[in-house]
Amino acid sequence: MFERLRGTRDFLPNEMAARKKVFSTIKKTVEEFGFFETDTPAIELFDLYSIKSGEEIIEELYAFEDKGGRMISLRPELTPSVVRVLVSKSKELSFPVKWYSIPRLWRYERPQSGRLREFYQLNIDIFGSEDARADTEVISCAIKLLCDLGFDDSDIEVRVSDRRLLQEFLLTLGITNFHDVLRIIDKREKISQNDFKGMLFDINLDDCQINKIETFLDSKGDLLQSIEELSKNHKGEGISKVIESLKKIAQNLHDRGYEKFISFDPSIVRGLDYYTGMVFEVHDRKREFRALFGGGRYDNLAELFGGEHIPAVGFGMGDAVLELMMRRKGIWPEEKLELDVFIATIGNVEKEVSKVSTVLRDSGFRVDFDLMSRNLSNQIKFATKLGARSLLIIGERDLKDGNITIRDLETGKESKILLSEVVSSPSKHLTKVL
RNA sequence: GCCGGGGUGGGGUAGCAUGGUUAUCCUAUGGGACUGUGGAUCCCAUGACUCGGGUUCAAAUCUCGGCCCCGGCCCCA
C-alpha cells in the first residue's frame, strides 16, 4: 500500500462531480467577461522563478535536475509562465489581451487549513491596458464570480487600495525603507497594537511617524467616501494622481452596483515588490479563513523578463479556501454520482440490452447496465448508488409480449411500455439529468 | 524549520484516566435466502489497535522515539 503524498488530494467520482460543477460555473462567468482560456506547461526552467524571487520562495519550489542537466521546477504560480508567453508573442498579439487559466500548482509548504501542496488556482489577467477600466474589470469579475457561486455581500469583502498611495504617504513622512515598513503593515491585523508600534520603532521610526501611519491606515471604509476624504487631506502631485485613478475605479464599481462588496483599506499591500499600483484582497467577512483572492496591477514584470513594457492587472483564486468557504455556507454542490439510465435485467436478454443501450447512448443518454449477473434486487440497489435517474427492467417474461418496465427512480413511479417504443423515441420516455 | 493536538477494520466510533478473557457498535464490501418489484429485510463472511524500542507476569491502555494527519507560526509569489 502506498500513501498519498502530503498536501495532495484524490478526487473520487462523487467528489469530482461536485468540483466539476463549481469549475464550470467559474469558467462560464469568466468567459462572460470576455476572458479566453489558456494553458502552459506544469514544468518550467527553475530560473523563471529564481530571477524575481527571494530565497524563501525558492525553498518552496518542487525542483529537480532533468536528464539534460537543466534545473526544472513545477510551477508554483502561473504569472511567470503567462508573462513568458506574452513576451515571446507580444509582436503578434493584439492588445489588450484577456486570458484566464485554472492551473494545478505546486508549492512545497507546510499544509494548513486552506493551503495545500498541490492545488488549483484560477488566474485571470488583462495585459496591455493601463486604464483604470482594466482594474475595474478584474475586480468586477471577481465579485461576479463569487455571486454566481452563491455568495453575497454579507459573506465577503473586497478590500482595495493602491501601493503607491502608501509609498507616497511614507515619502511625505520622510520614510524611504518601504520594504521593511510594508512588511510590518502587512502583519498589522495579526498582531497587537503595541507589537505593531514596537516593530516600527525597531526599524527606527519615531512616535510621530508611527502615529501618523496608524491614522492613515485607519482611514478605511467606503471606497468612494474614503477617497474623497483622502483627496482633501493629502495634496501633492504624486499622491493626487494615485487618488484620481482610485476614484475612477471606485466610481466605476459603484456604477456597476458592486459598492456593497467594496471597501477601501490602505493597509492592503499584497506581498512585496511585485505589484506596482492597485491591489486588492477578498476575505470572508468573519475572517475565518485566509484570503480567497489576491490581485492587483503589475506593470513592469514583462520588462523584468526581457520584454517590452506591458502593463498588467489580474488576480489569483485558490480552490482550497473557496471549497472551505462554500462548504461553510452550505453551497458546495452535493457529492453524488449522476447517470441517466440504468438497465436491469432478468434472465438472458443480452441482445436487447445491447440494442437498447446503444440506441440510448447514441441519443446522448448516460447509460449503464449490469455486468455482474446480480439478482434484480441488487441491480436496483446498485442503480441507486450510481445516481441513476431512470431504471429500465428488461425481463424474459415481459419480453414475450414485447414489454419492458420503466421506472422513475426519483418518484418511484413505474409503468410497462413496449421495448420498440423506447427504441424509436427514447427522449419521449426518458429524461437526461442536467 | 518551529510549536500544539491527534492516529482503533475501507469510512465513522466504544474502550484508554484505574494495564488483565475472543476489542464495541454503526456503516461499507463480498456471498446466500426470499422463485419478477424488495431503491427492502434476514443470515453468513471480510476486516483494525500507525511503526519501533522501553516498563511489566501482562500494553490499544503507561513511557520514549520515528512516521503520518490536523491546527498554528514562518512564508504566502
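Each chain gets a letter, A, B and so on, in the order its sequence line appears, and its residues count up from 1. These numbers come from a predicted model, not from an experiment.
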Next item on the list: Output yes when A:R107 and A:E77 qualify as a salt bridge under the 4.0 Å nitrogen-oxygen rule, no when they do not.
Entry: no

Next item on the list: Please measure how far the P atom in B:rU63 lies from the corresponding atom in B:rG6, and state the result in whole Å.
Entry: 11 Å

Note to self: Once you apply a heavy-atom cut-off of 4.0 Å, does A:N123 come out as touching a base, just sugar-phosphate, or nothing?
What the structure shows: nothing

Check: Which residues pass the side-chain hydrogen bond (donor to acceptor under 3.5 Å, both in side chains) test with A:K98, sequence neighbours left out?
Finding: A:E137

Note to self: Under 4.0 Å, counting only non-hydrogen atoms across every strand here, what does A:G412 touch: a base, just sugar-phosphate, or nothing?
What the structure shows: base

Check: If you measure from the P atom in B:rG52 to the same atom in B:rA60, how many Å do you get, rounded?
Finding: 12 Å

Notebook entry, point to check: Which heavy-atom pair separates A:I72 from A:L45 by the least distance, and what is that distance?
Noted result: CD1-CD2, 4.3 Å

Checklist line | Who pairs with B:rA45 - Watson-Crick or G-U, where each distance is under 3.5 Å | finding: B:rU29

Item checked: Aromatic centroids of A:Y100 and A:F33 separated by under 6.0 Å -> no

Checklist line | Per-nucleotide protein contact string for nucleotides 26-35 of chain B, where B marks a base within reach and S marks sugar-phosphate only (heavy atoms under 4.0 Å, - for neither) | finding: ---SS---B-

Notebook entry, point to check: To the nearest angstrom, how far is A:R117 atom CZ from B:rC76 atom P?
Noted result: 18 Å

Margin query: Within the 4.0 Å heavy-atom criterion, would you say A:I393 contacts the bases, only the backbone, or no part of the nucleic acid?
Written below: base

Next item on the list: Find the distance A:R183:CZ to B:rC76:C1' and express it as a whole number of Å.
Entry: 11 Å

Note to self: Could you check whether A:E32 pairs with A:K28 (Lys NZ or Arg NE/NH1/NH2 to Asp/Glu carboxylate O, under 4.0 Å)?
What the structure shows: yes

Notebook entry, point to check: Hey, mind stepping through A:E44 and A:S73 against side chain to side chain donor-acceptor pair (under 3.5 Å) and telling me if it holds?
Noted result: CA-CA 6 Å; A:E44 293 275 6; A:S73 174; over 6 Å; no

Checklist line | Pairing partner (Watson-Crick or G-U wobble, both distances under 3.5 angstrom) of B:rU37 | finding: none

Notebook entry, point to check: How far, in whole Å, is B:rU61 from B:rG54 if one measures between their C1' atoms?
Noted result: 16 Å

Checklist line | Test: A:R9 and A:E118 ion pair at under 4.0 Å | finding: no

Checklist line | With A:F369 via side-chain contact (heavy atoms from CB on, under 4.5 Å) - residues at least two apart | finding: A:I343, A:V353, A:S357, A:R361, A:L371

Next item on the list: Write down the distance separating the P atoms in B:rC64 and B:rU18, rounded off to the nearest Å.
Entry: 15 Å

Next item on the list: Starting from P on B:rA40, measure out to CD1 on A:I380 and report it in whole angstrom.
Entry: 10 Å

Checklist line | Length of the line joining A:E109:CD and B:rG1:P, which is rounded to integer Å | finding: 14 Å

Item checked: Whole angstrom value for the distance that separates P of B:rG1 from CD of A:E59 -> 10 Å

Next item on the list: Would you mind classifying the nucleic acid contact of A:T405 as base, sugar-phosphate or nothing, using non-hydrogen atoms under 4.0 angstrom?
Entry: base

Item checked: d(CG, A:D398; C1', B:rU37) in whole Å -> 11 Å

Margin query: When the C1' atoms of B:rU50 and B:rG9 are compared, how many Å lie between them, rounded to an integer?
Written below: 14 Å

Next item on the list: Go along nucleotides 65-73 of chain B 5' to 3' and tag each nucleotide: B for a protein heavy atom under 4.0 Å from its base, S when only backbone or sugar atoms are that close, - otherwise.
Entry: ----SBBBB

Under 3.5 Å, which N/O atoms of the protein pair with N/O atoms of nucleotides 50-52 of chain B?
none

Check: Taking atom C1' of B:rU37 as reference, at what distance in whole Å does atom CG of A:L392 sit?
Finding: 15 Å

Next item on the list: Using the six-membered ring wherever Trp is involved, compare the ring planes of A:F127 and A:Y298 and label them parallel, tilted or perpendicular (cut-offs 30° and 60°).
Entry: perpendicular

Note to self: Set out, in order, the CA-CA distance, both residues' side-chain angles and the distance that settles side chain to side chain donor-acceptor pair (under 3.5 Å) for A:D131 and A:S129, then state yes or no.
What the structure shows: CA-CA 5 Å; A:D131 198 284; A:S129 170; 5.5 Å; no

Interface polar pairs with nucleotides 42-46 of chain B, N/O, under 3.5 angstrom:
none

Checklist line | Whole-Å gap separating C1' (B:rC76) and OH (A:Y275) | finding: 11 Å

Check: Is the NZ or CZ atom of A:R163 positioned over A:Y275's six-membered ring, under 6.0 angstrom from the centre and within 45° of the axis?
Finding: no

Note to self: If you assign each of A:L409 and A:I394 to its closest nucleotide in RNA chain B, which residue comes earlier from the 5' end?
What the structure shows: A:I394

Note to self: Minimum heavy-atom separation for A:V422 and A:H429, please, with both atom names.
What the structure shows: CA-CD2, 4.2 Å

Item checked: A:E109 and A:R117 ion-paired at < 4.0 Å -> no

Next item on the list: Any strand is fair game: report the nucleotide pairing with B:rA17 by Watson-Crick or G-U wobble, both distances under 3.5 Å, or none.
Entry: none

Check: Which whole number of Å gives the distance between the C1' atom of B:rG10 and that of B:rA48?
Finding: 11 Å

Margin query: My understanding is that a pair needs two contacts under 3.5 Å, Watson-Crick or G-U wobble. By that rule, which nucleotide pairs with B:rC73?
Written below: B:rG1

Next item on the list: Could you tell me which non-hydrogen atom of A:T38 sits nearest to which non-hydrogen atom of A:S101, and how far apart they are?
Entry: O-OG, 3.0 Å

Checklist line | Pairing of A:E214 and A:K197 as salt bridge, 4.0 angstrom limit | finding: yes

Item checked: Closest heavy-atom pair and its distance - A:C147, A:F261 -> SG-CZ, 3.6 Å

Notebook entry, point to check: Say you pick atom C1' in B:rC62 and the same atom in B:rG1; how far apart are they, in whole Å?
Noted result: 31 Å

Item checked: Distance between C1' atoms of B:rA28 and B:rU37 (Å, rounded) -> 25 Å

Item checked: Base partner of B:rU55, which must satisfy Watson-Crick or wobble distances under 3.5 Å -> none

